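In what follows, chains are A, B, ... by sequence order, proteins preceding strands, each numbered from 1. Every value quoted in this text rests on a predicted model; they were computed, and no experiment measured them.
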Amino acid sequence: MTTAPVQPGVSEDQARALRLYRKMLAIRLFEERVNDLYTRALMPGLAHLYIGEEAVAVGVCEALHRDDYITSTHRGHGHCLAKGAALDRMFAELLGKEAGYCKGKGGSMHIADPDTGNLGANAIVAGSAGIATGAAFSAKRLGNGRVAACFFGEGALGQGVVYEVMNMAAVWKLPVIYVCENNLYNEYTHMSETTAGDPMVRAAGFGVHAESVDGQDARAVYSVTAKLVEHARRGEGPVFLWANTYRFAGHHVGDISREYYRAKQEETLWKTERDPLKIMTAWLTANRVADATWLDRAHSEIQAEIENAVQFALAAPYPAPEKVVEDVYA
Amino acid sequence: MTTAPVQPGVSEDQARALRLYRKMLAIRLFEERVNDLYTRALMPGLAHLYIGEEAVAVGVCEALHRDDYITSTHRGHGHCLAKGAALDRMFAELLGKEAGYCKGKGGSMHIADPDTGNLGANAIVAGSAGIATGAAFSAKRLGNGRVAACFFGEGALGQGVVYEVMNMAAVWKLPVIYVCENNLYNEYTHMSETTAGDPMVRAAGFGVHAESVDGQDARAVYSVTAKLVEHARRGEGPVFLWANTYRFAGHHVGDISREYYRAKQEETLWKTERDPLKIMTAWLTANRVADATWLDRAHSEIQAEIENAVQFALAAPYPAPEKVVEDVYA
Amino acid sequence: MPEVAVAVRELTLGEAVKEALAEEMRRDPRVFIIGEDVAEAGTTFKVLTGLVQEFGPERVLDTPISEPGFTGIGVGAAMTGLRPVVDIMFGDFAGLIMDQMANQAAKVHYMSGGRWKVPMVLRTTLGATRRSAAQHSQSLHAWFCHIPGLKVVLPSTPYDAKGLLKSAIRDDNPVVFYEDKMMYKLKGPVPEEEYTIPLGIAEVKRMGEDLTIVATSSMVQVALGAAKLLEEYDVSAEVVDPRTLWPLDEETLIESARKTSRVMVIDEGYERYGAGAELTTVIQAGAFYDLEAPVKRIGAMHVPIPFSPPLEDATVPTEASVFQAAMALCGRKL
Amino acid sequence: MPEVAVAVRELTLGEAVKEALAEEMRRDPRVFIIGEDVAEAGTTFKVLTGLVQEFGPERVLDTPISEPGFTGIGVGAAMTGLRPVVDIMFGDFAGLIMDQMANQAAKVHYMSGGRWKVPMVLRTTLGATRRSAAQHSQSLHAWFCHIPGLKVVLPSTPYDAKGLLKSAIRDDNPVVFYEDKMMYKLKGPVPEEEYTIPLGIAEVKRMGEDLTIVATSSMVQVALGAAKLLEEYDVSAEVVDPRTLWPLDEETLIESARKTSRVMVIDEGYERYGAGAELTTVIQAGAFYDLEAPVKRIGAMHVPIPFSPPLEDATVPTEASVFQAAMALCGRKL
Ligand SMILES: Cc1ncc(C[n+]2csc(CCOP(=O)(O)OP(=O)(O)O)c2C)c(N)n1
Ligand SMILES: Cc1ncc(C[n+]2csc(CCOP(=O)(O)OP(=O)(O)O)c2C)c(N)n1
Ligand SMILES: [Mg+2]
Ligand SMILES: [Mg+2]
């Protein structure tokens, strides 16, 4: 990812926008390739694609240090990549190969990586709320200045443990950022059918400072997160970010016919009007930070990286069967 | 409990006050006798006394019908008596006798009684939040006009399941009244050390209408509950009542030395200034609804009933050992 | 009169489950379904498709992702006049609801001295090899079996699934009903006529002389496959399916063990401290003096279930591994 | 030089637990305690009294009543540089934390391909006959034993409790540590010098010839008592304490079984689908050809634990009931 900006002497804000764009694009193309691998029966199991929600992960992670922590979800590829995971080891994990981040033992829903502070994706909805809060607890106790960002979908608001740990984080002023990705659906059920009251008020009720943001605008996500991270890092306690977004594809790769739970028009509207990549492209070009040539080059460079990564992963060996009994105990 | 009011032609409000007073007194004397039985090693196990909190249970239950439901807690004697439990079967249960409400199988923390709509006390903090909400679900589905009152201490606000069921109750507009008895302590820890934010705001965040009340004033508890019960019965959804109260004795009968977690002065202040019986006595006499004679008679009548009940329970037989395998399956 | 060949109707296990639910919901208006994505989506496994259309959203309720909460609501609803069927998508989520099931549902009847009842069914899933990794592949039924007050049902065919589920719904106790995710598409005969199968009766799925394979849920199919392989080596295997792990039909298990004198127990839960250990204990106690060899117990490997296909496949008993173990148990070389 | 009689120091089990914690907290600043009423109150059982005074509220933390939440915080803290000791007041509350323990703590290491570790201890209690009724009297350790990735420790003496707890704290895996509530006041010798006991080593608590009683936690004391009664009838009982149910020292169990040829297994958990079934399965597999009789497994009655004293007393194994079962197992009339 080395493309130079369209003009030298860009501002910090502009350089960041270019970075955010490239990261979002990498996630988008990664996920499209995942879908392709699944469709061609080259990938075992299922995957939950992050397409449409890229601005949230990249905006949040842009505001984090490399050694800050994140926890992720079943829809985790975007979070992992945004936090710095390499494409090849990501694909290798998704294919169950030894070269993957978890030696193939974790798969799509369990990618973890200590090197980038990734405590792990999690297949239990809200399953990592405790872990992220515990990481923030360590950071505070050890005084290492780190924060923990806990990603979860709005569906996780149904799980009581989220409130338990928010409460403790507030009582103990732990540096944790709860990032709620409101993509409107808990699987195949609209959040309005499952969620009473107001999530922002909920957070406040537990003493957690809350903000909301347009989750399709990576720059906006970055700005508000940067502010919230500072709040947490300063020791002022946990924060809650309500990011409004949308998943463009199915709940998972096999969720093709979606008309029974959401209208085609709704999908089309989001894809045409609210695509985070389009929104960023518009900003980059309007502000003359990037032009078509730069954008094309970025696309083909990332595409090539992804292709290499996929080839690496496809060629990589599976773990030897006897590895199955390793790593049960440390 | 047949004492006539001090003067004929009392108003409904006055008659209710007299009723509330007698019920509170019965609970107070019941609990004092429990403590006495424990101290004399006549009662197995422990008990969590309700002394000091009587106005909450009697105020709430006064606003309920006999076939409305309640769920209760480890500190449940007051709730059970207020909902209509008989003194003799209560004592019998506490002593583990066959004549008890649960044939001796439940004991102090598990008194249940279908005849008075008592779904059961519960020794898991917040353990009955789901049950109460489920009872409200039935009431709505069956259209029988009942409501369910769910008693719990402020310590139960730590349990996530409370928020899960509040949310569903709000989404489905279930007729449930969540009664949170804030006696300031989770066992030996002050609630301010365990509770961030504001419980009233929490309830609102889950779409649950919330009110607070002076839990030492039975008349006030009744009035606000009556309003909330009507709200729930009309189908307008769940409500949350925050009742400020205080337990005068230990967390349980064995909790004698309490100075390490709360000051003697605090206890003295509540006992002298905020005793629900004294508050009601003051009102009854100030309004000339009851005089010393009536109060004395009430006391001795109830004392006698309790004495009879204790004698009944002490004399009652234990269940036969072979009963141990009965009632496991219906 | 000319003879008419009546074709036996075949249903998948998923269809059999749905039919049982539909029939019971028609029969008894108190029965309702509650869980995540059970209505329009008809569950992740599409098992309930169509039920919300017939019974309406009041009786097929989509919930928030609140397993402890809606299980608790199920308990309360069951106590007060309804008969909930609670849907827990993956059996792995048992960890979230054990308090509601073990401390509430299982104990309400006893703690109240028999005065309250909890007529509720908890439907959930088990089974690996779907490449769903460690948190979506477990078979945790042993947890529920351990708790007095609960009943636990593990059907192995569409016929059994339908008959047992109907009994479970009519039972006045909390019943945990396990469906193997890999068996939803398994077909088998299911008559059109009404029938139920009582809880607590094992079935000999295949008669045999040389050894007994006691198997549960999907492992019954594995055992039947292994039995076929054994046949080629003139080893005659009896396959016994307890069908309900509680109540447990000890007699049928012990009888078969006495007859064949060699026993294997196959269950897809983690092997150690799993359901197979109880079956083994019961059999060795009841048939000890007739046994020629110790009971051979096989379960899933004692490892979290890995995602990688070759690893995952190594963790569960297969026809081949059961066949080999059976040959060894019978002292036969390959 | 004159001989000096050195008095062996005696501690209660509660004191031994506290001493283990204090020593490890002094040794390693990463160790901390988190749970309900653990600080000033020193827990409901007063086991931790004084620790907050020495180590301060930053290392002895009172929590809200949020078992799932603070167990999860423990997991996360363990992954990121601390070594939490999570306190779950009553073992009955296991139902609230099984997701955190079984789906998170137990699996993090494996799912991450060995890259994250969870060095955490979960201390909790078991044991009935305190008249605490059905939700405060259970011994649910079998649930944890079933889950790969967890270790499970059940000490039966003050000496073992201290040595095993120190090892558990130093272990890099999630370890569940069980204390019997009725044993907190039990006294036994505990040397002043530093020592640890490795996890995974059973101990023969009493040598014998005629039968083996494998017993766990408080049942070790019951077994020792029964062994004394048996002595009077010239029956010599060996008492073996596995001490850790996972890892399990199968060898020592099997060796003893082979030697005596008659085995009883006693555990205070519910009998059916409990820990005793696994021990039975392991022993019958390893010692079958030396056994004279089936392994006799005894646990708590398969009923929710009743409050009423005469009923509760009937549910758990006692010296008398173990003695009687042992006599029967040895073919001896009374
Ligand atoms: C505890 C638990 N319950 C149910 C599921 C099944 N499940 C997987 S994803 C999902 C929906 C999650 O919705 P949300 O949190 O909004 O995340 P999104 O998929 O929209 O990103 C459900 C119900 C699960 N994995 N864990
Ligand atoms: C799930 C659970 N955790 C812990 C306990 C132990 N416990 C019993 S009562 C109690 C305090 C409850 O406080 P609160 O809810 O405020 O009720 P109060 O005793 O003040 O009436 C605790 C922690 C329990 N019974 N259940
Ligand atoms: Mg969502
Ligand atoms: Mg309180």
Side-chain angles (χ1 to χ4, degrees), chain B residues 69 71 93 98 100-107 109-115 117-124 126-142 144 146 148 150 159-169 171-172 174 176 319 323 326-330, chain C residues 29-30 32 34 57-59 61-84 86 96-97 99-120 147-151 171-175 199-200 246-247:
Chain B
Y69 297 110
T71 63
E93 189 59 36
E98 171 87 29
Y101 271 108
C102 311
K103 304 183 190 160
K105 285 175 175 166
M109 297 200 286
H110 300 292
I111 295 185
D113 177 27
D115 294 343
N118 181 353
L119 292 160
N122 211 303
I124 301 294
S128 66
I131 292 174
T133 310
F137 183 92
S138 286
K140 176 163 182 180
R141 257 296 305 289
L142 298 171
N144 58 22
R146 299 185 192 174
C150 178
Q159 294 285 9
V161 70
V162 167
Y163 307 101
E164 297 185 10
V165 298
M166 276 192 188
N167 179 48
M168 285 183 273
V171 168
W172 298 328
L174 304 181
V176 53
K323 297 284 169 105
E326 288 178 11
D327 303 318
V328 182
Y329 292 94
Chain C
R30 297 169 303 174
F32 73 101
I34 181 167
E58 300 253 301
R59 292 182 68 195
L61 269 100
D62 279 338
T63 62
I65 307 171
S66 308
E67 285 86 358
F70 68 77
T71 303
I73 289 175
V75 178
M79 292 171 72
T80 51
L82 298 177
R83 300 183 83 86
V86 176
L96 293 163
I97 58 165
D99 181 64
Q100 295 299 327
M101 292 305 293
N103 281 331
Q104 310 301 339
K107 295 181 173 45
V108 160
H109 187 63
Y110 193 82
M111 293 192 306
S112 69
R115 301 187 71 212
W116 289 108
K117 282 188 266 198
V118 185
M120 130 180 189
I147 303 301
L150 300 179
K151 297 186 178 182
D171 200 286
D172 273 346
N173 299 286
V175 180
L199 308 185
W246 199 264

Peer 1: Where does B:Leu142 contact chain C at under 4.5 Å (heavy atoms): side chain, backbone, both or neither?
Peer 2: side chain
Peer 1: Under a 3.5 Å distance rule, please check whether C:Asn173 uses its side chain to pair with a backbone N or O of B:Ala330 as donor and acceptor.
Peer 2: yes
Peer 1: Please walk me through it: do C:Met111 and B:Asp327 pass side-chain contact (heavy atoms from CB on, under 4.5 Å)?
Peer 2: CA-CA 8 Å; C:Met111 293 192 306; B:Asp327 303 318; over 6 Å; no
Peer 1: Would you mind checking which part of B:Tyr69 comes under 4.5 Å of any heavy atom in chain C, side chain (CB onward), backbone (N, CA, C, O), both or neither?
Peer 2: side chain
Peer 1: For chain B, find which of C:Gly76, C:Gly81, C:Gly72, C:Gly74 contributes the most heavy-atom pairs closer than 4.5 angstrom.
Peer 2: C:Gly76
Peer 1: For C:Leu150, which atoms come within 4.5 Å of any heavy atom of chain B: side chain, backbone, both, or neither?
Peer 2: backbone
Peer 1: To the nearest 0.5 angstrom, please state how far the OG1 atom of B:Thr133 sits from the CD1 atom of C:Ile73.
Peer 2: 5.0 Å
Peer 1: Determine whether B:Trp172 and C:Leu61 satisfy the following criterion, side-chain contact (heavy atoms from CB on, under 4.5 Å), listing intermediate values before the conclusion.
Peer 2: CA-CA 10 Å; B:Trp172 298 328; C:Leu61 269 100; 3.5 Å; yes
Peer 1: Search all heavy atoms of C:Thr80 against all heavy atoms of B:Ser138 and return the closest pair with its distance.
Peer 2: OG1-OG, 2.6 Å
Peer 1: Heavy-atom pairs under 4.5 Å with chain C - which of B:Glu326, B:His110, B:Lys323 has more of them than the others?
Peer 2: B:His110
Peer 1: So what's closer than 4.5 Å to chain B heavy atoms on C:Gln100: side chain, backbone, both or neither?
Peer 2: side chain
Peer 1: Non-hydrogen atoms of chain B under 4.5 Å away: do they reach the side chain of C:Thr71, the backbone, both or neither?
Peer 2: neither
Peer 1: At a heavy-atom separation under 4.5 Å, does C:Pro174 approach chain B through its side chain, its backbone, both, or neither?
Peer 2: neither
Peer 1: Measure the shortest side-chain to side-chain distance between B:Glu164 and C:Pro68 over non-hydrogen atoms and say whether it is less than 4.5 angstrom.
Peer 2: yes
Peer 1: After noting the C-alpha distance and the side-chain angles of C:Glu58 and B:Arg141, does the key distance pass the side-chain contact (heavy atoms from CB on, under 4.5 Å) rule?
Peer 2: CA-CA 8 Å; C:Glu58 300 253 301; B:Arg141 257 296 305 289; 4.0 Å; yes
Peer 1: With a 4.5 angstrom heavy-atom cut-off, could you sort out which part of B:Asn118 is near chain C: side chain, backbone, both or neither?
Peer 2: backbone
Peer 1: Looking at every non-hydrogen atom in both residues, tell me the closest pair between B:Phe137 and C:Ala77 and how far apart they are.
Peer 2: CD2-CB, 4.3 Å
Peer 1: Considering non-hydrogen atoms only, spot the tightest contact between C:Gln104 and B:Asn122 and give its length.
Peer 2: OE1-ND2, 2.8 Å
Peer 1: For C:Gly149, does its backbone N or O pair with a side-chain atom of B:Tyr329 as donor and acceptor, under 3.5 Å?
Peer 2: yes
Peer 1: Hey, what do you get for CD (B:Glu93) to OG (C:Ser112), rounding to the nearest 0.5 Å?
Peer 2: 9.5 Å
Peer 1: How close do C:Met79 and B:Leu119 get, heavy atom to heavy atom, and via which atoms?
Peer 2: CE-O, 3.5 Å
Peer 1: Heavy-atom pairs under 4.5 Å with chain C - which of B:Ala135, B:Gly130, B:Gly160, B:Pro114 has more of them than the others?
Peer 2: B:Pro114
Peer 1: At a 4.5 Å cut-off on heavy atoms, which part of C:Phe70 comes close to chain B: side chain, backbone, both, or neither?
Peer 2: both
Peer 1: Quick check for you: to the nearest 0.5 Å, what is the distance between C:His109 atom NE2 and B:Lys105 atom NZ?
Peer 2: 8.5 Å
